[in-house]
**Student:** 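So that we are looking at the same thing, I have put the structure below in structure tokens.
What you see below is based on every heavy atom in this structure, not just the backbone, and it leaves out hydrogens, waters and symmetry mates.
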Amino acid sequence: MKGMEGRNCKASSQQRLGKDYRHYVLNWRENLLWFAATAGMTCLISWLFYRSIYAFVIIVPMLFLTRKFFCRQLLSKQKRELLYQFGEMMQMISSFLKAGYSMENAFSQAWEEYVRLFGEKGVMAREFCAICHQLQFNEPLEQLVEDLAQRSGVEEIVSFSQVFSFAKRGGGDMMKIFQDTVGKIRQKSDVEREIITVITAKRTEQRIMDLVPFGILLYVGLTSPEFLAPLYGNLLGAAVMTVCLLVYLGAFLLAEKILDIRM
């Protein structure tokens, strides 16, 4: 295939292994960060609310549920990055189609251009490299794009693959398809950036408010421990603290729900 760096592309395609982007798998650094945050929060809650090692043992399994929340946040970020990189790649392919390249050569040239601009570590750089590599073995391009779309879990990429597959088999205006895809992706990305900009300040305020109850308990516990003493070491005090902790958890989840604005 014209201008294609086959050896580097082959190496990248072997590393892809059909990754499913619909689910997020934590790497060792993210696992370490999550574990440290979970352990720290468990120690803090156990000491501030119960002053008991038994509370630590009980709370630890419950806080392991935070892994799902952590993965969901990272998955949302990954999908935004996937959509942005896919839009950039579509723009480059569209440019090469305008220059008169065939569809297959436009994909390979766009991959090379993308690597020059953004490097080989990008997700779409690896994915499109794998597509170009498979094209050398006469794999249908529409099937390769459909496979990527299904694994991405991104609605815009899935919609593009369906239209692209129909047009590729039945004949259609490819230029218009790519231009429409780029326009829709950029429009969504622009709206998402505006939303993120607007809610960033609110999210910062929320994070501060999340820490206020812990700060109050810590301050009172260190400066005037006699005020909190009746709440520790007895069943009634533990029940009161548990109710307060559940109310705090409900408020935290409600705030997250309000700020979770999806397109």
**Student:** So does Glu156 pair up with Lys184, basic N to acidic O under 4.0 Å?
**Tutor:**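 Salt bridge absent between Glu156 and Lys184.
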**Student:** Assess whether side-chain contact (heavy atoms from CB on, under 4.5 Å) is satisfied between Leu231 and Leu228, documenting all intermediate values.
**Tutor:** CA-CA 6 Å; Leu231 295 174; Leu228 297 179; 4.1 Å; yes
**Student:** Mind running side-chain contact (heavy atoms from CB on, under 4.5 Å) on Phe118 and Glu88 for me, showing each step along the way?
**Tutor:** CA-CA 10 Å; Phe118 301 103; Glu88 292 296 316; 4.2 Å; yes
**Student:** Determine yes or no for a side-chain-to-main-chain donor-acceptor pair under 3.5 angstrom, with Tyr248 supplying the side chain and Asp210 the backbone.
**Tutor:** yes
**Student:** Report yes if some heavy atom in the side chain of Trp34 is under 4.5 Å from a heavy atom in the side chain of Phe69; otherwise report no.
**Tutor:**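 No. Closest side-chain heavy atoms not under 4.5 Å.
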**Student:** In Å, rounded to the nearest 0.5 Å, how long is the span from CZ of Phe178 to CE of Met103?
**Tutor:**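 That separation rounds to 4.5 Å.
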**Student:** Establish, yes or no, whether the cationic atom of Arg51 lies under 6.0 Å from the six-membered ring centre of Tyr232 and within 45° of the ring axis.
**Tutor:** yes
**Student:** What I want to find out is whether Arg22 reaches Glu155 closely enough, with some N-O distance under 4.0 Å, to be called a salt bridge.
**Tutor:** no
**Student:** Under a 4.5 Å cut-off applied to non-hydrogen side-chain atoms, are Ile131 and Trp111 in contact?
**Tutor:** no
**Student:** How about Phe107 and Tyr114: are their ring centres within less than 6.0 Å of each other?
**Tutor:** no
**Student:** Is any side-chain heavy atom of Leu75 less than 4.5 Å from a side-chain heavy atom of Arg72?
**Tutor:**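 With C-beta onward as the side chain, the pair stays apart.
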**Student:** For Lys19, is there an ion pair with Glu127 - N to carboxylate O distance below 4.0 angstrom?
**Tutor:**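 Looking at Glu127 and Lys19, the cut-off is not met.
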**Student:** Tell me yes or no: between the side chains of Glu146 and Gln162, is some donor less than 3.5 Å from an acceptor?
**Tutor:** no
**Student:** Less than 4.5 Å apart, any side-chain heavy atom of Phe56 and any of Trp47?
**Tutor:**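 A side-chain contact is absent here, since even the closest heavy-atom pair is not under 4.5 Å.
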**Student:** Does the side chain of Gln109 come under 3.5 Å of the side chain of Glu113 through a donor N or O and an acceptor N or O?
**Tutor:**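 Side chains of Gln109 and Glu113: no pair found under 3.5 Å.
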**Student:** Check the side chains of Arg80 and Ser76 for a donor-acceptor pair under 3.5 angstrom, ignoring hydrogens and angles.
**Tutor:** yes
**Student:** How about Phe35: does its CZ atom have over 12 heavy atoms from other parts shown lying under 6.0 Å from it?
**Tutor:**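 At most 12 heavy atoms, drawn from other residues, nucleotides or ligands, come within 6.0 Å of this atom.
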**Student:** I need the minimum non-hydrogen distance between Tyr50 and Ala238, along with the two atoms involved.
**Tutor:**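 Heavy-atom minimum between the residues: CE2-O, 3.7 Å.
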**Student:** Give the C-alpha distance, both sets of side-chain angles, the deciding distance and a yes or no for side-chain contact (heavy atoms from CB on, under 4.5 Å) between Met124 and Tyr84.
**Tutor:** CA-CA 10 Å; Met124 283 301 160; Tyr84 170 76; over 6 Å; no
**Student:** For Asn31 and Leu26, work out which heavy atoms get closest and say how close.
**Tutor:**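 Minimum heavy-atom contact is ND2-O, 3.3 Å.
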**Student:** Is it possible for you to say whether Met241 and Val57 belong to one hydrophobic cluster, with membership spreading through side-chain heavy-atom contacts below 4.5 Å?
**Tutor:**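 Per the 4.5 Å side-chain linkage, Met241 and Val57 are not co-clustered.
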**Student:** Identify the heavy atoms of Val123 and Tyr21 that sit nearest to each other, and give their distance.
**Tutor:** CG1-OH, 3.3 Å
**Student:** Is the shortest heavy-atom distance from the side chain of Val158 to the side chain of Val154 under 4.5 Å?
**Tutor:** no
**Student:** Hey, are Glu256 and Arg203 close enough for a salt bridge, meaning a charged N less than 4.0 Å from a carboxylate O?
**Tutor:** yes
**Student:** Starting from Leu44, can I reach Ile208 by hopping between I/L/V/M/F/W/Y residues whose side chains sit under 4.5 Å apart?
**Tutor:** no
**Student:** Can you tell me how far CG of Leu82 sits from NZ of Lys77, rounded to the nearest 0.5 angstrom?
**Tutor:**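 If we round to the nearest 0.5 Å, Lys77:NZ and Leu82:CG are 12.5 Å apart.
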**Student:** Taking all non-hydrogen atoms of both residues into account, name the closest pair between Pro230 and Asn234 and its distance.
**Tutor:**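 Residues Pro230 and Asn234, closest heavy atoms: O-ND2, 2.7 Å.
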**Student:** Within this structure, what is the CD-OG distance for the pair Gln143 and Ser165, rounded to the nearest 0.5 Å?
**Tutor:** 8.0 Å
**Student:** Working to the nearest 0.5 angstrom, can you tell me the gap between Ile185 CD1 and Gln85 CD?
**Tutor:**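 The CD atom of Gln85 is 11.5 Å from CD1 of Ile185, to the nearest 0.5 Å.
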**Student:** For side-chain hydrogen bond (donor to acceptor under 3.5 Å, both in side chains), just list the numbers for Gln73 and Tyr24, CA-CA rounded to whole Å, side-chain angles, deciding distance to a tenth of an Å, and then say yes or no.
**Tutor:** CA-CA 9 Å; Gln73 297 296 316; Tyr24 196 92; over 6 Å; no
**Student:** With a 4.5 Å heavy-atom cut-off, do Leu135 and Ser108 have their side chains touching?
**Tutor:**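 Not touching, per the 4.5 Å side-chain cut-off.
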**Student:** Ser224 side chain to Val220 main-chain N or O, any donor-acceptor pair under 3.5 Å?
**Tutor:** no
**Student:** With distance as the sole test, does Ser94 use its side chain to make a donor-acceptor pair with the main-chain N or O of Gln91 at under 3.5 Å?
**Tutor:**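 Not at all, since once roles are kept as given, no pair shorter than 3.5 Å links the two residues.
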**Student:** Would you call Phe214 and Phe49 a side-chain contact if the rule is heavy atoms closer than 4.5 Å?
**Tutor:** yes
**Student:** Angle between ring planes, Phe86 versus Phe128, binned at 30° and 60°: parallel, tilted or perpendicular?
**Tutor:** tilted
**Student:** I need the Ile58 CD1 to Ile45 CD1 distance, nearest 0.5 Å.
**Tutor:**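 That separation rounds to 13.0 Å.
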**Student:** Of all the heavy-atom pairs spanning Ile177 and Ala167, show the shortest one and how long it is.
**Tutor:**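 The pair with the smallest heavy-atom distance is CD1-CB, 3.3 Å.
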**Student:** Hey, any chance Ile59 and Leu218 share a hydrophobic cluster, counting ILVMFWY side chains that come within less than 4.5 Å of each other, even indirectly?
**Tutor:** yes
**Student:** SG of Cys132 to CG of Asn105: how many Å apart, nearest 0.5 Å?
**Tutor:**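 Cys132 atom SG to Asn105 atom CG measures 9.5 Å (nearest 0.5 Å).
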**Student:** Do Lys176 and Asp180 have side chains that approach each other closer than 4.5 Å (heavy atoms only, starting at C-beta)?
**Tutor:** yes
**Student:** Compare every heavy atom of Ser46 with every heavy atom of Ala55, then report the nearest pair and how far apart it is.
**Tutor:** C-OG, 3.8 Å
**Student:** Can Tyr54 be reached from Leu235 by stepping across I, L, V, M, F, W or Y side chains whose heavy atoms are under 4.5 Å apart?
**Tutor:** no
**Student:** Going only through I, L, V, M, F, W and Y residues with side-chain contacts under 4.5 Å, is there a path from Leu211 to Leu249?
**Tutor:** no
**Student:** Please lay out, stage by stage, how Leu33 and Phe70 fare under the test side-chain contact (heavy atoms from CB on, under 4.5 Å).
**Tutor:** CA-CA 10 Å; Leu33 176 61; Phe70 191 53; 4.1 Å; yes
